[in-house]
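Numbers restart at 1 for each chain; the letters A, B, ... are given by sequence-line order, proteins then strands. From a predicted model like this one, the values you see are computed outputs, not experimental measurements.
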Amino acid sequence: MSKILKNPLFQDRLIFLVYTVLIALPYVVAISFPMEIGDETRAFYNTLNEVPDGGAILWSTDGNFQMWPDFGGGEIAIYKTLFRLASEKNIKLVFVHFSLDGAVLAERTIKDIEAKGMTAGLEYGVDYVNFGFLPGGEPSMKAVAEDLHDAVPTDWYGTPIEEIPMMSDLRSLTDFSLAGWGHAYVEAHGRQWSGYGVPLLVNMTAINIALTVSWFQEGLIGGFLPGQRGGAEFEKLTGFLGQSTAAVTGQIFAHALALTLLILPNIIFIWKKISGGGDD
Amino acid sequence: MVDIFTEVFVAAYVIAIWSSLYKENPVYSYVIHGSIGAVFGYQLFMGIKTVWDKTLSPLMSAPTLDGILVTILGILILTRLIPGYEWISKYPIALSIGITMAVAVRGAIYAQFLKQIQIQSLTSLNNIVIAVCAISTVIYFIFSREHTGTQYYISRLGRVALMIAFGAMMATFFMGNVSFSIVQVSALVTPYGIYVTAAAILLIIVDLLRSQMRTKTIEQTV
């Protein structure tokens with residue numbers, strides 16, 4: 001038995017097995033931990049809710065399919081909140097995406113929300129519009145900020161922008177009360193959309209949280225959702241519990257396992273050193 | 001019926017990809033090649049659709065100088081496929097990269113440089129830490145002078161700051177990657193996906209027993 005346990009191939013497989021069981025456990029047994037809302041998530045929530053009655057929000061979903069498990073939960077909750085705000089405060093919603101996958105994911109999210117009846121009372125083209133995918137990366141982001149009508153002449157379904165009633169007063173970023181995006185990075189949109197005096201929000205994957213903190217601290221962005229954890233916090237604040245809330249307990253278990261695997265072998269190693277045993 | 005098929009298909013797909021954690025197997029290879037093929041097929045279709053919707057279709061209905069110019073530049077990129085004329089494609093690519101860089105740098109000066117080097121005041125601990133860490137990290141990267149005396153201690157502090165920063169980035173990187181697997185694992189415990197999971201576990205047990213029996217047989221033979 002000891003021989004098998006020392007086999008690195010077995011050790012790897014054992015770790016994978018324990019990891020899989022741990023992250024699957026919350027989906028089988030109802031386990032939850034108390035969750036504290038982080039400053040950046042609260043700021044995100046407050047900034048979103050501070051949009052005045054009759055205002056307009058520009059939102060862009062720019063991640064790809066691979067990133068969706070991380071920031072998708074938060075993104076779905078954001079879309080639901082946006083449509084709720086549109087209903088309650090007569091806020092206009094404009095969606096434009098700079099990633100192909102993002103455009104597809106956003107359309108699917110909007111269709112799901114429509115199917116659930118959460119857009120009741122809202123009319124496409126009057127209260128919200130989806131311009132779909134706009135290729136070109138950062139120059140396109142700049143173009144949207146400068147002149148939306150020039151950058152996206154038609155919506156995702158081919159309707160000319162002049163024929164979309166709500167777009168008559170929305171020409172550039174300064175006409176919006178808020179802009180935001182879902183992506184792995186803060187940089188590209190941040191570079192092109194900051195400096196217009198419009199509050200910015202970011203829903204991002206966890207991978208680049210460390211690089212985003214300085215943007216938040218310097219006031220360049222009004223708040224951000226840090227990955228799945230941020231998504232879960234936002235779901236809790238808005239009441240739209242979903243994908244992130246279900247996943248966050250798995251996150252806690254995975255982190256506990258990682259810490260155990262970091263600390264335990266070192267304790268054993270030090271203990272063996274002190275007791276004069278071998279290093280194996 | 002659709003739900004049953006979707007749940008079973010997604011669970012089988014996830015297990016097939018994760019099966020490489022157990023060992024290399026043909027199912028994993030088929031699925032991974034199928035995934036890559038599907039992604040490229042999707043990208044190709046959406047790419048052609050975008051070119052048609054955003055450029056060619058408007059060009060045919062109402063030609064503009066911008067549209068004609070962009071189409072010509074786009075076609076010139078394809079010259080890299082013609083032997084002897086590859087050099088022509090470098091011009092539209094250079095133009096495209098040049099414009100992107102110019103736009104990015106223009107935005108970066110305000111958002112990533114001017115705004116981020118401003119420290120409001122040294123009255124809060126956060127700001128003091130930022131200032132001390134930023135200066136000591138810059139000093140760590142001064143290689144034109146030997147790190148001795150005071151500079152040695154400051155550069156050591158910079159190294160610690162870098163280690164903490166990289167540690168934090170590594171931790172969030174881990175957190176992000178855990179997220180990817182957590183959402184996938186949810187497909188394995190859906191009402192119908194669980195049957196696929198049970199079948200996979202059974203297969204692994206059979207394979208483990210078979211391996212053990214084979215090892216015993218070899219040991220007895222030797």
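With a 4.5 Å cut-off on non-hydrogen atoms, Gln243(A) touches chain B through its side chain but not through its backbone. Neither the backbone nor the side chain of Phe71(A) has a heavy atom closer than 4.5 Å to any heavy atom of chain B. In this structure, chain B has a heavy atom under 4.5 Å from the side chain of Phe16(A), while its backbone stays farther away. When heavy atoms are compared at a cutoff of 4.5 Å, Leu211(A) approaches chain B solely by way of its side chain, counted from C-beta outward. Proximity to chain A (any heavy atom under 4.5 Å) is restricted, for Asn126(B), to the side chain, taken from C-beta onward. Of the two parts of Pro226(A), only the backbone, made up of N, CA, C and O, holds a non-hydrogen atom closer than 4.5 Å to a non-hydrogen atom of chain B. Only the side chain of Val189(B) comes within less than 4.5 Å of a heavy atom in chain A; its backbone stays farther off. In this structure, the portions of Ser194(A) lying under 4.5 Å from any heavy atom of chain B include both its backbone and its side chain. Neither the backbone nor the side chain of Phe253(A) has a heavy atom closer than 4.5 Å to any heavy atom of chain B.
When Arg106(B), Met170(B), Met46(B) are compared by the number of non-hydrogen pairs under 4.5 Å with chain A, Met46(B) comes out ahead. Residue with the most contacts toward chain B among Ala188(A), Gly136(A), Ser244(A), Pro135(A): Pro135(A) (heavy-atom pairs, distance under 4.5 Å). No other option in Thr20(A), Asp101(A), Ile23(A) has as many heavy-atom pairs under 4.5 Å with chain B as Ile23(A). Among Gln66(A), Gln192(A), Glu187(A), the residue with the largest count of heavy-atom pairs under 4.5 Å with chain B is Gln192(A). Put simply, of Ser181(B), Ala165(B), Ala171(B), Ala102(B), the one with the most heavy-atom pairs under 4.5 Å next to chain A is Ser181(B). Annotation: maximal heavy-atom pairing with chain A below 4.5 Å, among Val183(B), Thr172(B), Val105(B), Asn177(B), occurs at Thr172(B). Ranked by heavy-atom pairs shorter than 4.5 Å toward chain B, the options Val248(A), Ile209(A), Leu220(A) are led by Leu220(A). Heavy-atom pairs under 4.5 Å with chain B were tallied for Gly195(A), Pro153(A), Gly158(A), Ala210(A); the largest tally goes to Gly195(A). Comparing Val39(B), Thr100(B), Ile182(B), Ile109(B) by how many heavy-atom pairs each has under 4.5 Å with chain A, the most go to Ile182(B). Residue with the most contacts toward chain A among Ser179(B), Gly176(B), Gly107(B): Ser179(B) (heavy-atom pairs, distance under 4.5 Å).
Residues Gly34(B) and Tyr13(B) come closest through the heavy atom pair C-OH, 4.4 Å.
To the nearest 0.5 angstrom, Thr215(B) atom OG1 is 11.0 Å from Arg210(B) atom CZ. Note that CD1 of Ile139(B) and CG of Leu157(B) are 9.5 Å apart. Values are rounded to the nearest 0.5 Å.
Listed for the Asp70(A) side chain is no donor-acceptor partner under 3.5 Å among the backbone atoms of Gly227(A). Within the 3.5 Å criterion, the main-chain N or O of Trp156(A) finds no donor-acceptor partner in the side chain of Asn130(A). At distances below 3.5 Å, at least one donor-acceptor pair connects side-chain atoms of Ser60(A) with backbone N or O atoms of Val96(A). No side-chain donor-acceptor contact under 3.5 Å links Ser99(A) to the backbone of Asn64(A).
If you check the side chains of Glu107(A) and Tyr157(A), you find a donor sitting under 3.5 Å from an acceptor.
For Tyr185(A), the OH atom counts as loosely surrounded, since its 6.0 Å shell holds 12 or fewer non-hydrogen atoms of other residues, nucleotides or ligands.
Seen from the ring of Tyr110(B), Arg191(A) does not count as a face-on cation partner, given the 6.0 Å and 45° thresholds.
A salt bridge links Arg229(A) with Glu40(A): the closest approach of a Lys/Arg side-chain nitrogen to an acidic carboxylate oxygen falls below 4.0 angstrom.
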Check against side chain to side chain donor-acceptor pair (under 3.5 Å), Tyr196(A) and Glu146(A): CA-CA 10 Å; Tyr196(A) 286 90; Glu146(A) 293 288 331; 2.6 Å; yes
